[in-house]
Amino acid sequence: MVTLLDDPAAVVGALVDAGVGRGEPVGLALTNGDDGRLVLGLAADGGLLVGVGDDEAVGVIAAVEAAVRPRWVWWSNEPASLLVRHGVRLGACWDLSAVHRLLVGGWRTDEVRIWSAVRGLDHRQAPALGQLDLGDGDSGEGEHPAVRADGFLRSEWVAGLWRDAPEAAARWAELALDVMARQQERLRAIAAAGDALATARSESAAEMLCAELEHDGLPIDMGVALGLIQDLVGERPTDEREADRSRAERDAVVLAHLPPGQTFDLRNPADVKSMLRRVGIDVPDTRAWRLEQMRTAHPVVEALLLWRKAERIATTFGYGWLDQHVGPDHRLRGAWSGTDGAAGRMTAQAGLHNLPADLRPAVRADDGWSFVRADLGQIEPRVLAAVSGDQAFVQATAADDLYRPVAERLRVDRPIAKVGVLAAMYGQTSGTAGQALQGMDKAYPVAMQYLRDADRAGREGRELRTFGGRLIPMWDAIPDPDAPVDERSASAAIASRGRYARNATVQGAAAELFKAWAATVRARLAGDPDLSASRIVLCLHDELLVHTPTAVSERVASLVQACLDEASGRWFRGTGVRFVADVSIVDSWADAKA
DNA sequence: GATTTCACGTA
DNA sequence: CGTACGTGAAATCC
């Protein structure tokens, strides 16, 4: 039975009467209806179902948040995106999609997959929309109007039937609560070293942060941006002809180093290869790192490398990029994902994660505002110490520069020690890595065994979980067992799987700590009335950028530091591992650290 | 028109 | 024969 309520106070009262307190789950289904009006349904344990008329949807949620602060439970972060557009930011949620990715690994998620996973069903067998249910379970009254007797979700509900009316939305929210309970059961059963339930909450918070990052955007100084681009690729072309001319001019600088009359398409790698062969340079490919070594062989090489740099700006990070991704409010916006498909790092589009360092001066705080820039120092080796529990390695994390004590213990120079540690984590064996790895086994046997175990699991095709419980997906080393087996490529595929697994355990645990840190910063900023205008505007794997009024920037800087201590202490309690962050207050992202 | 290859930016 | 990602241009596949 769904109660229809419009009055925020009445909804709060009903939830309180139902026994919902702080941090306790409230299912929420919220959507923009066909006519752009909001449709909201709420559900609480014990059977309370509330549908809310569109005019009051946002007000009701804000009132419940203010009075109760529950844990909002939703299928995906669509409600978070909608709400942030309406000026509402919530404290805690349980995002079924994010938790699903945690449970089953990979990136793909939808309601059918989420539901099927917790019900032990094969999502590929789920009924498709329009498919007739010929007596195979779609008749009679089931447990829930959206659930068939055979346990699958009804395709109409998956397709969005619940979006039509608050009553239906409330039932959809009710189902979200059911799925959460089942996800929690599964999380409890996971054999992870860490607390998978805590990871689920943190990953959910990261999804809300993603919605906010998309909404807020990254502050850009357009004057600086345009100046930098102009220096690199010239004036903004006014039409296609001029753009062609500008391209041709840049090409001519490179081609001028060749005998007259010879022309090559610099944008075609095969053409570039034959161009280089014409001047006596034979290379298997024309990648920059290879050409670096040929710099002195012929002046055309140097010119080509410079051309490539400018071409990158012209094509990817030029005027078109600004037009497409920077709004009239001078904010660079792209889509964010809380997790990639491998180990669980955040991803971002619109170039937010691969902005060339040359363009970073354009990322500038507004007048009267500053950036608090914080990046974790040597996060991956520190995480390795924590997840492996290698006591000698844990001791090394006491140092600001972890590679110093490692170098001392190995009796090698610091650069060798660094290469050794990184090679162990990444599975690198070539070059100087082999020599650098010497001694690591003896000095840090537990950490090295941890990595070897992961590598072996990968090679054998066994699935792993990160410290926080994320499933590391594994694939078939030989996709087609009927195809002729090339022994070399087969063993290469197996080795590659081993490196992947080895790296994913470390990279994944680092991503989990990073998100716990970011979520803590988000929560603490929101919880302090003096700091609540400050916003996280960029997450970059081990780096946070917070846009904040300059007047409170010092307080935000110490908060960010304190949040790292809080998050790492909670995450890796009892391991004794020390995490360090370099925190500085700057006007521009490019400004030097500390 | 969609997919693959090459290249290169970030961590 | 160190991992992950996103983007763009050209080639390649259908």
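Residue numbers begin at 1 in each chain, while the letters A, B, ... track the order of the sequences. Basis for what follows: all heavy atoms, side chains included, without hydrogens, waters or symmetry-related copies.
- Between A/Y500 and A/W475, the distance from one ring center to the other falls under 6.0 angstrom.
- Within 4.0 Å (heavy atoms only), A/T286 reaches sugar-phosphate atoms of the nucleic acid but no base atom.
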I'd like a list of close polar pairs between nucleotides 5-11 of chain C and the protein, N/O only, cut-off under 3.5 Å.
from   : atom 1 : to     : atom 2 : distance (Å)
C/dG6  : N2     : A/N354 : ND2    : 3.4
C/dG6  : N3     : A/N354 : ND2    : 3.2
C/dT7  : OP1    : A/A350 : N      : 2.7
C/dA11 : OP1    : A/N268 : ND2    : 2.6

For nucleotides 12-14 of chain C, list the nitrogen or oxygen atoms of the protein found under 3.5 Å from its nitrogen or oxygen atoms, one pair per line.
none

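- A/A495 comes within 4.0 angstrom of nothing in the nucleic acid, heavy atoms only.
- Nucleic acid contact for A/A357: sugar-phosphate only, since backbone atoms but no base atoms lie under 4.0 Å from a heavy atom of the residue.
- Atom pair A/D542:CG and C/dA4:P shows a separation of 18 Å (rounding to whole Å applied).
- As judged by a 4.0 angstrom heavy-atom cut-off over every strand, A/R360 is placed among residues touching the sugar-phosphate backbone only.
- Within the 4.0 angstrom heavy-atom criterion, only backbone atoms of the sugar-phosphate kind lie near A/R308; the bases stay farther away.
- In this structure, A/L384 places its CG atom 15 Å from C1' of C/dT3, rounding to the nearest Å.
- Between A/W369 and A/H547, the ring planes lie parallel to each other; the angle is under 30°, not in the 30° to 60° tilted range.
- The span of DNA chain B lying next to chain A, judged by atoms under 4.0 Å from heavy atoms, is bounded 5' to 3' by B/dC6 to B/dA11.
- Ion pairing of A/R414 with A/D401 is present here, as a side-chain N (NZ or NE/NH1/NH2) and a carboxylate O approach within less than 4.0 Å.
- Under the side-chain contact (heavy atoms from CB on, under 4.5 Å) criterion, A/A493 pairs with A/A477, sequence neighbours left out.
- Applying the ring-ring contact (aromatic ring centres under 6.0 Å, His included) rule to pairs touching residues 415-450 of chain A yields A/F393-A/Y444, sequence neighbours excluded.
- Residues meeting the salt bridge (Lys or Arg N to Asp or Glu O under 4.0 Å) test with A/E302, sequence neighbours left out: A/R295.
- Considering only side-chain N and O atoms, A/R499 lies under 4.0 angstrom from the phosphate OP1 or OP2 of C/dT3.
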